[in-house]
Structure formats: C-alpha cells, structure tokens
Amino acid sequence: MSDTARPAESPVPSELDQLPDRDREETAEWQASLDAVVRHAGPDRAVYLLRRVHEHAVGSGVSVPVLLSSDYINTIPAASQPAFPGDVGMESRITALNRWNAAAMVTRGSRLGLGGHISTYASAAWLYEIGFNHFFKGKDADGSGDQLYLQGHASPGIYARVFLEGRLGEEQLDAFRREAGGHGLPSYPHPRRLPWLWEFPTVSMGLGPLAAIYQARFNRYLHNRGIKDTSGSRVWAFLGDGEMDEPESTAALALAAREGLDNLTFVVNCNLQRLDGPVRSNSKIVQELEARFRGAGWNVVKTLWGEAWDPVLEQDVTGSLVRRLGEVPDAQMQTYAARDADYVRKHFFVGDTLSDLAARLSDTQLTNLFENSRGGHEPLKVHAVYRAAVEHRGAPTVVLAQTVKGHTLGSAFESRNANHQMKKLTMAQFREMRDLLELPIPDSALSGEQVPYWHPGKNSPEVQYLQDRRKALGGPAPVRTVVPKPLDQPPAHAFEGLEKGFGNQEVATTMALVRLVKDLMRDKETGQRWVPIIPDEARTFGMESLFPSAGIYSPQGQTYEPVDADQLLYYKEAKNGQLIDEGITEAGSMAEFTAAATSYATHGEPMIPFYIFYAMFGFQRTGDQFWALADQMGRGFVVGATAGRTTMTGEGLQHADGHSHLLASTNPAAISYDPAFAYEIAVIVKDGLRRMYGERPEDVFYYLTVYNEPKLQPAMPILPSLEEGIVRGLYRFRQAQPGAAGPRIQLLSSGTAIHWALKAQELLSNEWGVHADVWSVTSWTELRRDALDADRARLRGEERTPYVTDTLSGAPGPVLAVSDWMRQVPDQISQWVEQEYTSLGTDGFGLSDTRDAVRRYFRVDAESIAVAALDQLARSGVVDPGQVVRARERYGWHG
C-alpha cells in the first residue's frame, strides 16, 4: 500500500463516547467550524475562541470543566484595575525606607557574623506594603483581625516597618539575631521569642501554608459553633515559590476548596529563585502553580508584568509576544533580567514580528521591562489582585506575583543565583541603593564604616500616613495580644468516675481517658470549649459515642442519609459539630490542633483541643509541627493512644511505638506523662487544666500516652502526697512487707509496665525471698527536668534536692526501672538516683506476635524482670549467683 493510500486514523477513544449525542449533525458543524478557523486563522485563533466560549459558558452558569492554565500575562487587564485608594508617592517613600533599614539591619549584624537575609524582602516589599496599608485588619476592631503568616526570610523588612511605626528602636534593630541577653530580635517570626509581635512561626518551610489553611478552617469552626463571630477575619499566607515544593505546602489545597474557605488568601512571591538557583529552570513555576491551584478548586489571580508592559502588550496584535512570554523558561527569564538590551533584543525578540516590536523600544525601555517592571513590584498591580482576592466568594484565592529576587539591591544582587546567601552590602552598594530609591540620605552619612538607619522622624508625613492607615484598618499589624480569660475548673464529680476505679471490669487506659473527656464535654461551663480532633480513628479509640451527641463538624452539614441512621451511634455531621474527624492526615490534624491551641491569643477565646492519634504517628510523623506548636505557645492535650512497643498485638514494626517519649522529651513545652491507671489520668488532666487554663496559664501542652490493653483499674489509693507524686512524676504504689527479712529492691515502672512489675513483685517474694517495692513513674521526663532545675539552682548557690532523689532517698536495695519504651526513656533519671540503677526496655524494631511473646522477646515481662532483679542483687553480693541461673532455667529465659 502506498503512503498516499493509508486509511484514516481511528479517533482516540473518549469518555464522551459513552454519552448520548442527541444531534450528531450539530456536533459535526461545530467541529467543522473549528477546523475552518484553524485553516484560515491559525491554531492560536482557535484556542482564543474556545477559551472565550468557555468563559462565556462559565459566566452563564453552565457547568464545564475548569481550564487549568491561562496565558503568561496578568489576570486583571490595566483597563480593569480598580482605583488606587492611597497616595502612591507617599507609599513609595515608605517602602523605600523599609528596604533601606532592612538592608542596613542585616548588614550591621552580618559584620558580627550573625547573618541574615536581604533578597527575599527586597523582592516582596510591595506585596507586604499594599497589604499593611490597605488590607490587613488589626485587632482593635473586633479583637481578632486578620491572621498573617509572613514569609520567614522576609522578617528584616517587617522589623524595618515596625521600626518606622515607632514600635522598635535602633537598639533593638542592632539586637537582630542577638537574643542571649533576653531583649534581641529573633531571626525569623518566633512568637515565643517576641510574643508581642509575632503570632505564627513560619520559617520551617511548608508548615506555614498548611497551618494557614487550617487556621482559616478553624475560624469557620469557631463561627459555626457560635463561639465567636470570625466573619471579618481573613488569613493571609505569604510564601515563596521555592517553598511550594514542600509537600505540606500543597497538602491541604483540596480541603480549603472543598470547604469554600474564601476567608483565605495565599500570596506566592514568584521571584523564580530558591536558595541555590532557579525554582523551575527548564519550565515555568507560575504556570505550574496556577494549574495546581486551579485543579484543586482555588481562584487564581496573577500579577506578572508592571505598567511598562501594558503598552507593549497592546501592540501585540498577533499574539506573538504573549506566546513568547509563555515559552521562555524561568531560568532564561532571570538571565534577561541580568543582561543588557542587546542581549534581550537578540535572544528574546526573535522573529520578524517581535523584532519589529523591539525596534520601537529604546535600550532603557527594554532593560526596564525585564529588570524592574514585574507585577509584584508595582502598587497598582498588587492592589488590583488583592482587591480581587478579598472580593471573591466561594473559594480561597491564590495570588501569583512575579518579582525579581534582590530587587533594588543593585546589580550585584538582582537575579543572582547566590543572592540568598549574600548577607551584606558594601558602602558603595548602599550609595547605589540610596540613589535608586531616591532617599534623602547625604553622602556624609555614608562616609563611615557603619551604614546608618534612616528614620524621617515620628512626626514626619511618612510616619503619620503609615499610622493613619493602620488606625483605619484596626490597629497595628503584625501584633500578638493575649487578654487573660481563665476558664472555670470542672467540678470534682467529673473526675470521680476514674478516681473510684472500675471494680472487676478490665478497662484500657485509652478508654478511661476518652470516658473522662466525654464527661468533661458535658460540663455546662467549659464543655463547649473542648475540641476533640481525631485523624480517622475515632472508632479505634472508642469515641463513636460522640458522633450523635457532639456531632462531626462539617460546614455543609449532612446532605445525605447515613447508612447507619437507624443505629444509636450513627454517623452525624453538623455545621455546629464539635468533633473534628480530619481523615487520614496527622499533619492536618496537628495543624488544626495548633489553631485551636492558640485561639486564646488569636481570637481571645481559650479552647481546649484534645488531639488523639495512633501510636507513634504523632511525634514521629509530625515532629516539626510540634516544635512550631511550642513556638506558637499552644495549649491543649495531645494523646498518644494505643501506646507502647509491645501492646500493639499483630501490628508490627511501623506501629510499635517505643520511642515517642524520647522524642517528646526534646520539646521544652511538652509536659509528658505515661500514666498506669485511670485515677492517675484524672489527676494529670485536672492539673493540666489548671496549669493551661487557670488564673496563671502557662504556655505548655500536655502529652499523655495511654494503652489499648484492658486491665483492672483500681480506685485511687489513700497514700501520703499521692496527687503531688502523680503530678511530679513518682510515687510508691505498692510497698513490700515492711521489716521483712531478706534482700530488697526497688522496681520503677510506667504505663502498662506496672502490671509486669507487680507480677514480678509476687514472683520475687514467693519464689526467691526477695522483697520489692513497686513505684509508679508517671513521667520520666518531668523527673529529669526537675533534676536539671535543681542542678542549675546549685550552680547558683541554692540548696535544692531533685524530687526523684529525695523521694527515693533511703529506699533499700538497688533500683530496676522498666517500661514499654526504649531504655533511654527511664535512663533519663539515672544520674540522680543514689542507689545502683539499671533498666529494662524495648530497644530495637517492633514485631508482630502476641503481647506475651513480644514482651519475652524484649525481656521486659514479669519473669524477665525477676531474672534481672536477681542478677542485679547478685552483682551487689546480696544474692547467690546460682539463684540467677536457676531463675533463667525456671522461666525458660535463654539468650
């Protein structure tokens, strides 16, 4: 068969083939019309017509699939820009002052070896300034204002603005990154270090956008539950285009769109550079992000080009310029910004049409297009997209703003791959910057070795303008304010159920804790402030009884009939639901917890979040978020349910948690407990409510580990200083027969391990004549922290004995510690125990088997404790070594 006689290719199968075509002739006419346009006007014209039809269809209310990307031009045409409500000249002077003082602050600090970042703020200055002057609401209006997640590396520019406002002085700017004295400025937004200014820690890249989404969602939660009217609050998250590579940055985009969070705006500073080079060297990050956000259901507005581009684009009657802008990769676009006009003419304006267009432009105009005229650098362009964002309804908005990294810092910085690591300017570069920004700084002020800060004076027109704008928007921003609002402590009867014990009924501590929380949620005064958060494991933790009573939060309510509607514990969703079932996302759950845990500051409404997760999927999976929580000074209860390395029968390596307490011990804000009995839980929760929500609230959060192993839960015993011992971390639960003759040993245990220790106590007494006291260690970490405090006190010349030392003082015999955690957890206290100390633990990888088999594998079961106790006594010369051999044989303890 000849080439010209080949049969026509079969059409590509399509999902449309499954839909009925009610008028095939009409369909063919439309297709023929499109073919005609392509033949006579070209494919670009065909694409334009299709997009116009698509746009018309959407405007007419026709449901059509969304287009994922648009041309590489501004979303809002110049003719459609809203009137600018401010004084452009005045705001330009203010922005110039902020640029100067930010660069001066970092440069002065860098000469001391402190480092800092200049280029990020230089690219984003107008993105912030337009927001501060016209959009960001302060807290003086309704007490909440807007929540600002500011890009961490841009912090020098925010400090510079606060300096201009008069909220910081030169001495404080000079203390940038010098915090040891207690009065310095932290390098990035750290609320714990500068609690009157920063609300949200954002420099751990990726966590800011994730947290911002859940903050916007929690604002709606508060509103829908009637806790507080947050309808006037908007969440703004400022991000870098390189930061969008972090998985957390885009992990919850669909959630934001699904819940219609039109109280949320992302501003992505697309300066096309990350720390080492281009974000997308061979493609275009703006187009990629546009498609990703549109695909997730977000409203997308782009500001890519400044005013200098407007008349040039108007002359592009063929679309060649727009097409060229869309095909040039980002790395090449950065090169254009750093090259001269001849280079731009030769390499960008290729082809007759574009060459003719370039011929109408001077060299200065050409270089200005790429060096300076970016949409993110011009106030009118930025104002236009911000206005579009706040006026959009039904979905969150992302603003994609193109900028130049290092803008106005001079040719040595702008668009350079290394500018993120460049920490200071020379005096010559400052003079160049001064001239570019048209600042009234005389040469005499730049004649020394130290670059000066420049403030026009507190009564200057610039400062007055700035303060007037903030007053009109509801006060200063950013700002963090905390108005004390202590919560009433729950009545005693709420805790009595756990304190009385459960008689002969075996109950897991996970279920005991859940029961307590359910009772506390019924309290008329504070019950509504509990925020239970579960990552799709409510039934695992026995929390399904909360479904019909508290309701599962959903902004849409329940638009369907649940399959279990005829059952008592049916799945009930409600707009005012109290329970938050996040789905399978520990990162999302942690972000939600953080928003709730800091509501006391953000909204002046203390909430009591209760985040319960499965085994190790808390501190291990989302450890960075726990540090951000600590920095943000969150308060609430974090619960590691189904805890321990040997209680998770059959689950295996990745579920067997023997190390979370060690991870938690590294977080200074985490108050960690490993309770053994239900009554200990009652005491700990009661103390946590007092410390976090009482008259003098502390900026800590409580971490409890509870187990899924049903055990007898005794009533709270009558022992001296029992509650103090539970709270501080140690008390003697069961004493051996006082005065009995024979060797003695002290068994320290936590969590479910106390049951092994109690059985070992019986074995040692009945079979080996050894008398053991059994101690409950509710917190190894709190014991260690108390001891560290005592050590520091002694160095100051104060006499203080650690609680663990004092409590165990005089206890006869050596100490053997055991837990369902790796040995490093109980070993935290070893150096402060006066007796000979050793430990048993579950070091190594977990494995699947029965509890008894796994505990024998790790040598932590009762028989292993007995053997270890005898061995420890034998090494002390108190017991015949032969007894150790016989014990190993009796208990089948080999290897």
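Everything quoted here is computed from the prediction, not taken from an experiment. All residue numbers refer to positions in the sequence shown, counting from 1.
Residues Met607 and Leu222 have side chains in contact (heavy-atom distance under 4.5 Å, counting atoms from C-beta outward). Between Thr622 and Trp627 there is no side-chain heavy-atom pair separated by less than 4.5 Å. By the 4.5 Å heavy-atom criterion applied to side chains, Leu579 and Phe547 are counted as neighbours. Considering only heavy atoms from C-beta on, Asp773 stays 4.5 Å or farther from Arg734 through its side chain.
A salt bridge links Lys485 with Glu605; the closest basic N to acidic carboxylate O contact falls under 4.0 Å. At a threshold of 4.0 Å, the pair Arg645-Asp843 does not count as salt-bridged, since none of the basic side-chain nitrogens sits closer than that to a carboxylate oxygen. The existence of a salt bridge linking Glu709 and Arg855 is confirmed by a sub-4.0 Å separation between a basic side-chain nitrogen and an acidic carboxylate oxygen. Salt-bridge formation is detected for the pair Glu798/Arg796: a Lys NZ or Arg NE/NH1/NH2 atom is positioned less than 4.0 Å from an Asp or Glu carboxylate oxygen.
Around CZ of Arg851, the count of heavy atoms belonging to other residues, nucleotides or ligands within 6.0 Å exceeds 12. Around the NZ atom of Lys759, the shell of radius 6.0 Å holds no more than 12 heavy atoms that belong to other residues, nucleotides or ligands.
Met648 pairs in a side chain to side chain contact (heavy atoms under 4.5 Å, CB included) with only one of the listed residues (Asp820, Thr642, Val854), which is Thr642.
For an aromatic pair to be called close, the ring centres must be under 6.0 Å apart, and Phe701 with Phe593 fails this. Close placement of the Tyr221 and Tyr553 rings is indicated, their centers lying within 6.0 Å of each other. Taking the six-membered ring wherever Trp is involved, the centroid distance between the rings of Phe626 and Phe619 falls below 6.0 Å. In summary, the aromatic rings of His755 and Tyr707 are positioned with their centroids too far apart to meet the 6.0 Å limit.
By the 6.0 Å and 45° rule, Arg890 stacks over the aromatic ring of Trp768.
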> What's the verdict on side-chain contact (heavy atoms from CB on, under 4.5 Å) for Glu586 and Tyr611, showing C-alpha distance, side-chain angles and the deciding distance?
Replying inline: CA-CA 10 Å; Glu586 286 81 9; Tyr611 169 34; 3.8 Å; yes
> What's the verdict on salt bridge (Lys or Arg N to Asp or Glu O under 4.0 Å) for Arg728 and Asp806, showing C-alpha distance, side-chain angles and the deciding distance?
Replying inline: CA-CA 12 Å; Arg728 300 192 69 176; Asp806 190 51; over 6 Å; no
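Ring geometry for Phe617 against Tyr614 counts as parallel: the plane angle stays under 30°, on a 0 to 90° scale with 60° as the upper cut.
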